[in-house]
Structure formats: C-alpha cells, structure tokens
Amino acid sequence: MEIHPDCERILLSEGDIRKRVVELGRQISLDYAGKELMAVGILKGAMIFLADLVRNITVPTRLDFMAVSSYGLSAYSSGEVRILKDLDQSVEGCHVLIVEDIVDTGLTLNYLLGNLKSRGPASVKLCALLDKPSRRVLPVEIDYNGFTIPDEFVVGYGLDYNERYRNLPQIMVLSPRVYKKGE
Ligand code: IMP
C-alpha cells in the first residue's frame, strides 16, 4: 500500500474505512426505518465520508451542508463558533443526522448540536467517522462513531492539514515535521 511521503503511517486503510462505513449505513438504516432522514454534512472534512455513507443508507435521505469555523480553545470562553455557510433547507420536524469527520475538543459539535436542536427538528443525532476522546473539552454524545483514534493528527479521506491531503484514500498520521515547517 502506497504511503504518502508526508505521512508517518497508515492508521486506517481503504478497506477498514469501507467496511465500517457499510456497518454504519446498515445501523442507521435500521434505526431510521419508516422515517425520512436529513443528513447534514459539515464542510469540508465530512464531504467524502458523507458521500460514501449516504450510499449505504437505504431510508429516504435528504442532504444539506453547513460550514463552520471554530476558534479553538479561545472559543470556549466566548462559546463562539462561526457559521460560514448555513443550511439551505429548514430542519423543522425533520430527523437530522449531523455527519462530521472528527470530534476532537468537541467545541464545534457541542455548538452545532445546540444550534440545530433549537430549530425545532423531530430529532438530532450525530455520526462522526473519528473520535479523539483524549482531547475532549466539552462533552459530546456520538450516536454513530466510526473509529476511536489516539491523539495524533490525521489526514486523508476528507481530513486536511492546511487544505491539503483531503484526497488521500486512507487515513494517515501526518509526520510532525510537516507542521514544524510552519507553513
Ligand atoms: P473540535 O471542535 O475540536 O472537535 O474540532 C473538530 C474539527 O477540527 C474537525 O472538524 C476537523 O476539521 C479539525 N480536526 C481535529 N482533529 C483533526 C485531525 O487530526 N486532522 C484533521 N482535522 C482535525
């Protein structure tokens, strides 16, 4: 298997991801049987995961997207997560499934869950491909979790460092020398 020169090692192979995404899709389809789903992808990181996930969901599913920017730890005191792109559709009365790439500190998801719950949906759940629980600042309940990973910076399958590496088909640990370059 090809390893990108900027990466230290492969954490999750294409096969690992494919298998887990099929399982998640099957579980979500069972849980939402008889309902219509509104899958809300969080741009840009969840784009590739969402595309694969929804093709494994068999209940009627609508798609929408949000883009947010988090100010990291400093956002904790102000509680500030900025919405860069809001939903196109109303979620009132809908069964919303937020689809995210990774839950790290939990700041972004904590905000998004609260924000979407305030819009009068029938339900709101969260599906995250990756969970990095060692870095959690605010608690987040992940209803569907792909993989729990150690505290390492990962890229690929939609996840980036400075907008790069999103197109790698595997999830890889980025070499620390890449962020030490101070790009
Ligand atoms: P949180 O608010 O700290 O949970 O931040 C979640 C966001 O941080 C994710 O949507 C990612 O965009 C980014 N992020 C956190 N950890 C990683 C990582 O290991 N690789 C790439 N992006 C990450």
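When a ligand or atom number is given, it counts from 1 through the structure's own listing order. Hydrogens, waters and symmetry mates play no part in the numbers below; they use all other heavy atoms, side chains included. None of the values given here were measured: they were computed from a predicted structure.
Checked by atom type and distance alone, the side chain of S175 pairs as donor or acceptor with a backbone atom of D6 at under 3.5 Å. A donor-acceptor contact shorter than 3.5 Å is absent between the side chain of T61 and the backbone of L37. Within the 3.5 Å criterion, the main-chain N or O of E92 finds no donor-acceptor partner in the side chain of R119.
Sorted by chain then number, the residues whose non-hydrogen atoms approach ligand 1 to under 4.0 Å are E100, D101, I102, V103, D104, T105, G106, L107, T108, K132, E152, F153, V154, L159, D160.
Applying the ring pair (Phe, Tyr, Trp, His ring centres under 6.0 Å) test to every pair with at least one member in residues 18-52, sequence neighbours left out, gives no pairs at all.
In this view, D64 and Q89 satisfy the side chain to side chain donor-acceptor pair (under 3.5 Å) rule, not counting sequence neighbours. Residues passing the salt bridge (charged side-chain N to carboxylate O under 4.0 Å, His left out) test with D16, sequence neighbours excluded: none.
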